[in-house]
Amino acid sequence: MRRSSTDESTYHRSPSLDSKDYSLPKGGAFRRYSSLYGGQFGASAGGSFFGFHTNPGPKATKSKYTSPKGNKYVVFYLDLSFIFLLELKRCRMAQNCLHCMKYLMFVFNLLFWLGGCGILGVGIWLAVTQGHFATLSSSFPSLSAANILIATGTIVMIVGFLGCIGAIKENKYLLLSFFILLLIIFLLELIVVTLFFIYTDKIDRYAQQDLKKGLHLYGTDGNIGLTNAWSIIQTDFRCCGVANYTDWFEVYNATRVPDSCCLEFSENCGLHSPGTWWKSPCYETVKIWLHENLLAVGIFGLCTVLVQILGLTFAMTMYCQMAKTDTYYA
């Protein structure tokens, strides 16, 4: 039987969410909180807040695209702090490198100074005990082995002393003085070596002539150093005379040579026949010996050059670092 639409039923259907309007009132609490916290706590793009649909207010929309002004200053301060830390780290690294180089420079120059002391001691010992030992040149009588060693040891000691004190005290002026003095020595050595290779033939001729003049001083009073030098050279190298054993004939004005030229040494053996004398010329024999030991001579020269270059490098590096430090903290 069909019930008419006008009939009233005693039973009523319970209301559902679809049939009842649960929209929030305008200006209500949810609207206010959704405006303040729009986009948070699970808010969707449609403006839902805890299951309720709300429209984001103008404050929420603005907060999505703008940040507080204080954040800019915080970022700026963080950048400054980061730069400061990097600069501090770089300064600490530079200081550590400077300290390391300072002690390396000190040890290097201490060894340099001790070597100079040793050379000076040997030169003084030769000057006291052997007189003008190894004075072969008559034109330059002061150019003896003892004098050369004394001059070399003194220069090395002065240079090493400047380097040691300048490094341990971190004194720019002492380091600069050390650098200039060592550079002058290095340049002088370079000039001498270059001139020697350019004028080798002229130096050979002049050296032979000067040595022959020096033979006339052999055995005379006040020339014990020259006499001892020729005796040692002729005995050790088994040679006689500068260019030939006949060089001694002009010295003695007779067919005679020093006893150091004899194959078997004995008293007045130089008066015997030439068959009992060494025939090799001393000048050429010494040159051949130098050529045979050229590797050792080259290694010695290379080590000398490397030591000087290291000294120049250490000194200039320390000087530049100290100059930068003074400029930075000025």
Side-chain angles (χ1 to χ4, degrees), residues 119 122-123 125-152 192-193 195-301:
I119 295 172
V122 172
W125 176 77
L126 286 177
V128 171
T129 58
Q130 302 294 329
H132 298 289
F133 179 78
T135 304
L136 299 175
S137 175
S138 60
S139 302
F140 303 98
S142 60
L143 196 63
S144 63
N147 292 339
I148 292 174
L149 290 175
I150 289 173
T152 304
V192 169
V193 171
L195 292 176
F196 176 79
F197 283 108
I198 292 175
Y199 300 103
T200 303
D201 297 334
K202 292 183 179 180
I203 292 172
D204 277 345
R205 290 194 296 269
Y206 178 80
Q208 291 188 45
Q209 293 174 3
D210 190 64
L211 289 173
K212 287 180 180 180
K213 290 180 182 179
L215 293 179
H216 293 274
L217 302 176
Y218 183 86
T220 59
D221 295 336
N223 292 290
I224 186 174
L226 185 142
T227 303
N228 291 336
W230 272 113
S231 298
I232 291 173
I233 289 173
Q234 292 182 142
T235 302
D236 291 346
F237 287 94
R238 299 180 178 182
C239 60
C240 190
V242 178
N244 201 342
Y245 67 92
T246 57
D247 295 335
W248 290 108
F249 295 171
E250 299 176 4
V251 176
Y252 290 107
N253 293 324
T255 307
R256 180 185 176 182
V257 295
D259 295 341
S260 57
C261 287
C262 297
L263 297 175
E264 294 182 3
F265 179 81
S266 63
E267 190 70 25
N268 295 323
C269 63
L271 297 173
H272 299 165
S273 62
T276 60
W277 305 333
W278 300 111
K279 300 298 190 299
S280 302
C282 289
Y283 190 81
E284 291 298 326
T285 304
V286 173
K287 283 184 65 177
I288 292 172
W289 178 83
L290 288 175
H291 282 293
E292 290 176 352
N293 295 275
L294 193 61
L295 180 62
V297 175
I299 291 174
F300 176 78

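Between the OG1 atom in Thr227 and the CD1 atom in Ile232 there is a gap of 11.0 Å [rounded to 0.5 Å]. Atom CD1 of Ile148 sits about 12.0 Å away from atom CD1 of Ile119, to the nearest 0.5 Å. Interatomic distance, Ile233 CD1 to Tyr283 OH, rounded to the nearest 0.5 Å: 12.0 Å. Considering OG1 of Thr246 and CH2 of Trp277, their distance stands at 10.0 Å, rounded to 0.5 Å. Within the model, atoms NE2 of His216 and CG of Leu226 stand 11.5 Å from one another, a figure rounded to the nearest 0.5 Å. Distance OG/Ser260 to CH2/Trp278: 11.5 Å, rounded to 0.5 Å.
For Tyr218, the ring-ring contact (aromatic ring centres under 6.0 Å, His included) criterion is met by Trp248, not counting sequence neighbours. In this structure, the ring-ring contact (aromatic ring centres under 6.0 Å, His included) partners of Phe249, at least two apart in sequence or on a different chain, are Tyr245.
Smallest separation of non-hydrogen atoms from Leu271 and Arg256: CD2-CD, 3.2 Å. Taking every heavy atom of both residues into account, Ala243 and Pro281 meet most closely at O-CB, 3.1 Å. Pairing each heavy atom of Gly270 with each of Cys262, the nearest pair is N-SG, 3.5 Å.
Evaluation of the salt bridge (Lys or Arg N to Asp or Glu O under 4.0 Å) test over residues 238-254, restricted to residues two or more places apart or in two chains, returns none. Among pairs with a residue in residues 257-284, none fulfils salt bridge (Lys or Arg N to Asp or Glu O under 4.0 Å), at least two apart in sequence or across chains. Listed by first and then second residue, the disulfide bond (SG atoms under 2.5 Å apart) pairs that reach into residues 215-254 are Cys239-Cys282, Cys240-Cys261, sequence neighbours excluded.
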For residues 289-297, please give each side-chain donor-acceptor pair under 3.5 Å, one per line with the distance, not counting sequence neighbours.
unit_1	atom_1	unit_2	atom_2	d
Asn293	ND2	Trp289	O	2.7

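With a 4.5 Å cut-off on side-chain heavy atoms, Phe265 and Thr235 do not count as touching.
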